[in-house]
Amino acid sequence: MTELHAVVTGASSGIGAATVRRLIAEGWDVTAVARRAERLADLAKEVGCATFTADITSDDDVAAMVAELTARGPVHALVNNAGGAIGMDTIAASELDTWTQQYATNVVGTVRVTQALLPALRDSGRGDIVIVTSTAGHEAYENGGGYVAAKTAEVAMARTLRLELTGTGVRVIEIAPGMVHTEEFSLNRFEGDQARADAVYQGIDPLVADDIADAISWALTRPHHVNIDQMVVRPREQGGASKVARRA
Ligand code: 8X3
């Protein structure tokens, strides 16, 4: 059998890079997609993945990516991981631009890449679309309005897409992580403020990127008649968005 080919977005760090490593270890042929070419080159050197430098908010980039990937052969899985959070402000105080940006990356970016690769995924005969959402898509929390709204929309997208693709042989798998300590998620959210970013994970054993890569890889490697619709993954000490048991 030919190798299965997965495309992973947001692959230059964190959950995306961990997913690339994990799928390569599982024997997949993987294309890592992100904006930062140098980081992709390092990852390719480390694990032997293919790479494509693209910004998922750009129609041209995504069209070029799909043209190149489909010319190379079939695409069996798409892991939509690119996105992220900006800021921690009340809705009253938040900048509208942060809402627009979070919607553009998390929601519209995911739709853009999914639409563009859907014909190839259907043609593969066993397509998979993974959407990495967040527990923020399932539970609101104060000061997270823009991110909660974007992730809630992404959850709705996953549900709708699953209905629309029923009977086509394409699975739609939503993975919803809680607190995952990655190099960049909270640092980006707090615009480079390392102390604030570190404080998010103080006093708990947070998830790490590989925990989510493990969940993604597990869902993808179930027999293809099994669709893991949704998986919510949190650290043990996080009972809910606003309920975290921290050590003193
Ligand atoms: C990340 C989880 O708790 O920061 O998607 O919203 S949280």
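When a ligand or atom number is given, it counts from 1 through the structure's own listing order.
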Please determine if Lys45 and Glu38 form a salt bridge, counting it only when a charged side-chain N lies under 4.0 Å from a carboxylate O. no
Residues Asp198 and Arg196 bridged, charged N to O under 4.0 Å: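 Salt bridge flag = no for Arg196 with Asp198.
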Within less than 4.0 angstrom of ligand 1, does Lys151 place any heavy atom?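 No heavy atom of Lys151 comes that close to ligand 1.
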Does Gly178 have a heavy atom less than 4.0 Å from any atom of ligand 1?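 Yes, Gly178 has a heavy atom closer than 4.0 Å to ligand 1.
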Is there at least one pair of N or O atoms, one from Thr135 and one from ligand 1, spaced under 3.5 Å apart? no
Got an N/O contact under 3.5 Å between Tyr141 and ligand 1? yes
Need the ligand 1 atom indices (1-based, order shown) with element for anything under 4.0 Å from a heavy-atom of [X].
{"X": "Ser134", "value": "1 (C), 2 (C), 5 (O), 6 (O)"}
{"X": "Ala136", "value": "6 (O)"}
{"X": "Arg189", "value": "4 (O)"}

Looking only at heavy atoms, what is the nearest atom pair of Ala209 and Ile15, with distance?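 What the structure gives for the nearest pair is CB-N, 3.7 Å.
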Taking CZ in Arg246 as the centre, count heavy atoms belonging to other residues, nucleotides or ligands within less than 6.0 Å. Is the count above 12?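 Yes - once you tally the heavy atoms of other residues, nucleotides and ligands closer than 6.0 Å, there are more than 12.
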For Arg35, is the CZ atom crowded, meaning more than 12 foreign heavy atoms sit under 6.0 Å from it?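 No, the 6.0 Å shell around CZ holds no more than 12 heavy atoms from other groups.
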Go through the steps to decide whether Thr57 and Val108 satisfy the test side chain to side chain contact (heavy atoms under 4.5 Å, CB included), and finish with yes or no. CA-CA 7 Å; Thr57 66; Val108 184; over 6 Å; no
